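Below is one structure; the comments refer to it alone.
Everything numeric here is computed off the predicted structure, so don't read it as measured data. Because only heavy atoms are used, hydrogens play no part in the values below, and waters and symmetry mates are left out as well, while side chains stay in. Throughout, protein chains are lettered first and strands after them, A, B, ... in sequence-line order, and every chain is numbered starting at 1.
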Amino acid sequence: MKKMIALSLLLMAGMMLFARGSKESGKTVVEIWHSNSGPSGTAFDEIVDDFNSTIGEEKGIVIEAIYQGLANDVLTKVKAAASADISSLPDIAQLDATACLDMRNADYLILPESADIEISEIHPAAIEALMSDKGLLGVPFNASSLLFYYNKTLFDSLSLNPPETLDDFAAIAPLLGEKDSTGKVTRYAFAGVPATYELGAFIGAQKGLSYIVDEKNGHMGTPSKVLFEEDGTFRNFLGHWKALYDTGFVNNITSGISTEFAAGRTATMLASSSSLTAVINTVGGRFEVGTAFVPMTDEEATGGVNIGGGAFFLFDSSDAVKTVIEYFVSQDVQMKWAEDTGYLAINTALYDNPEYLAFLDENPAFKVATEQMLQSNPAVTSIWLPSAYQIYYSFQSEIRAVTEDGKDIDEAVHDMATLIQRAIDEYRAQNID
Amino acid sequence: MPAIALALCFSVIPFLKTFVSSFLTISQSGKAIGFAGLDNYKTLFEDKAFISSIGNTLRFTLYFLPLNTVMTFLAAALTRRRRKCTWIMEAIFITPLAFSLSAFALVFKEIFRGEVSIINRILHTSLLWLDRPGSAMAVLVILGLFLDFAIDYILLTAAFRSIDRSVIEAAEIDGAGEVRKLFAIETPMIATMLSITVFMALKDAILISAPVMILTEGGPFRSTETIMYFYYLEAFKSGNRAYESAISSMMVITSAIIMGIIAVLRRKDA
């Protein structure tokens, strides 16, 4: 027994020493919950380490970066922490567009304006993506957009250019696809089923600018009405998409798409520009990866793509947080971040930076994403909706029903509109306080 | 007494609170802002996604329950007598207890991912396992087997081994064969334990969510979205308090009924 007591006392003493060791003398800790993994995770860690050993060392600030899963998981945890105990929130959380609706209504959020953060160098499209009626909600950090990935080696061997519209795509799909002697498709022209993210561009770009719900896609207030049914934009998209599907070379899969792409079993796919480095790594030189603008729904769909990706949301307004945020949006950090991952550099000063321009010239796949952003209408924005998860899956289900089961397009549009309308109504009923 | 206090604190009171709030309109920040009556339940049952999640859960249960019962019963029956090498089998069957189901789910996800998946290499097939509703459900059921297998196996072998030897010896003297002995003598004697494992599996099947979350995320096209996963999406992802309290009230009552049956069965045994 005595031995036990002695041992446990020893252990406790050890733990106290250790605990003291981890809390460095007098430094301010800035806690960040983030969602970066893979190449982005490595880059993020390097950026954080860099801060801690330079600026942080000088000013007595330590960034403590905690990986909390996907952006959506970070949101779940932030909400849980906020409802349990506000003090358990981190100083900064990296969240994406699906968080904006919650964040706009969160009384614990500190707006960048109140934290006195300088945003004049940040690209307007990235600002617009996070702008609400209450002001800018967060500081853009990891901005990205939808991007069209294609097997450049295959396209070159067929002397084809990436399609500009969905109709162009339908015309070349049979050339891109391949069947074996039994008629089984061995290579598809496209793999994937569009969901909210893709439709943000496919619907949003129509007629130069279209919204899915009112209040500018929910940015200027809780939405009250679905617009795509009246506007006919979803219907228009489904018509063109079905024509593409009917070529027989579209694979309606919802997982493992980039694996299929890397294995050469699909000629093209749509994915976030932020996946660029990861995709190139997975392909591993088996073929050249090309990127292009997302095909337009029709000739009049000139709005381009919306800026998605993520941003830093603040729950603390100290000077240390301000220093950290300004470090993350600085030229050097944004350049490293963009080059390592494929995220869009949001610091406009970089667009004249010779070092960055040289990188883009050497890596055309990275250049396309930036050009697409610069040519898009900044007003085409991401959609802030309640029940984002369910709506995401329902879009896929309706598109599958139209393409595979021959469901009537008008009926699918109506069902989808009804579903979103109900989610909006429920959300409004719960948020009249 | 302490047990009752704990139960009151951590399950009964929260449940009553949830049950009451399932009849109220609750704001996202958790404040009660009005009386809803049965509206929360009504909208829930008008939701196609919820109805299909009930269907998916029932389908899962329908495949999982018989398969799980037969597999664990066979494993236990075949190793019920201690012989020289049964410990090897026992060790293999009990191993799943040492790993979290989530870890299995991640491994499964890798094995079945895409057309160039490991499983397709082995079987020389080109199935998109996790991208077709039928096969995704099948993979989920197979994964689900790891959920209860080890614990059911332990319970059943223990039951087999606690049977009074004299009964079996008497049967042997009367000339009963192995199969006959198993089904006519031993199985009836462990019937209670067998039904307990069945009901435990039933409860687990109805409440299944973690493997769904990791393996399929409810996909493809929400075909593997179970009630509890639907609940998770609504409650934690969307913050829909109306659904949250309505579903959890219903699920607590359902599993309470099942646990009640188990309790009655156990009493019968004692």
ask   = What residue, out of B/D47, B/T25, B/L130, has the most heavy-atom pairs lying under 4.5 Å from chain A?
value =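 Highest number of pairs under 4.5 Å: B/D47.
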request  = Just give me the residue among B/R113, B/E234, B/E46 that pairs up with chain A most often, heavy atom to heavy atom, under 4.5 Å.
outcome  =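 The candidate making the most pairs under 4.5 Å is B/E234.
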key: Side chain proximity check, B/M200 to B/I258, heavy atoms < 4.5 angstrom   =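 The answer is no; the side chains never approach within 4.5 Å.
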message = Counting only non-hydrogen atoms closer than 4.5 Å, does B/L233 touch chain A with its backbone (N, CA, C, O), its side chain (CB onward), both, or neither?
response =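 Contact with chain A: backbone and side chain both.
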key: Toward chain A, the part of B/T43 with a non-hydrogen atom under 4.5 Å   =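 Contact with chain A: side chain only.
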request  = Just do the ring-ring contact (aromatic ring centres under 6.0 Å, His included) check on B/F104 and B/F108 with the steps written out, would you?
outcome  = CA-CA 6 Å; B/F104 277 119; B/F108 265 59; 7.2 Å; no
Is there a donor-acceptor contact under 3.5 Å linking the side chains of [X] and [Y]?
X      : Y      : value
B/N40  : B/S22  : no
A/H34  : A/Q68  : no
A/T222 : A/R104 : yes

Side chain, backbone, both or neither: which part of [X] has an atom under 4.5 Å from a heavy atom of chain B?
X      : result
A/Q390 : both
A/N105 : neither
A/D415 : side chain
A/Q396 : both

request  = Locate the shortest heavy-atom distance separating A/R428 from A/P223; write the atom from each residue and the value.
outcome  =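 So the minimum-distance heavy-atom pair works out to NH1-O, 3.3 Å.
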task = Identify the heavy atoms of A/A99 and A/L95 that sit nearest to each other, and give their distance.
result =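 In terms of heavy atoms, the two residues are closest at CB-CB, 3.7 Å.
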task = Apply the test ring-ring contact (aromatic ring centres under 6.0 Å, His included) to residues B/Y41 and B/F23: give CA-CA distance (whole Å), side-chain angles for both, the deciding distance (0.1 Å), then the verdict.
result = CA-CA 8 Å; B/Y41 290 92; B/F23 298 103; 5.6 Å; yes
message = With a strict 4.5 Å heavy-atom criterion, list every residue of residues 132-152 of chain B that contacts chain A, or say none.
response =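 B/R132, B/P133, listed by number.
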Close approach to chain A in residues 202-216 of chain B, criterion heavy atom under 4.5 Å =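 Hits under 4.5 Å: none found.
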task = Give the member of A/A423, A/S255, A/A263 that has the highest number of heavy-atom pairs under 4.5 Å with chain B.
result =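 Ranked by contacts with chain B, first place is A/S255.
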ask   = Within a radius of less than 6.0 Å around CZ of B/F35, do more than 12 heavy atoms belonging to other residues, nucleotides or ligands occur?
value =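 Counting other residues, nucleotides and ligands, CZ of B/F35 exceeds 12 neighbours.
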message = Tell me whether the NZ or CZ atom of A/R400 lies within the 45° cone about the ring axis of B/F221 and under 6.0 Å from its centre.
response =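 A/R400 over B/F221 ring: yes.
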key: Proximity of A/W241 and A/F190 rings by center, below 6.0 Å   =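 Yes, close enough.
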query = Less than 4.0 Å between a side-chain N and a carboxylate O, is that true for B/E217 and B/K109?
reply =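 B/E217 and B/K109: salt-bridged.
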inquiry  = ring-ring contact (aromatic ring centres under 6.0 Å, His included) for B/F50 and B/F230? Distances and angles first, verdict last.
reply    = CA-CA 7 Å; B/F50 177 66; B/F230 178 82; 5.5 Å; yes
request  = I would like to know whether A/F234 and A/F395 meet ring-ring contact (aromatic ring centres under 6.0 Å, His included); could you show each step before the answer?
outcome  = CA-CA 10 Å; A/F234 188 34; A/F395 268 126; 5.4 Å; yes
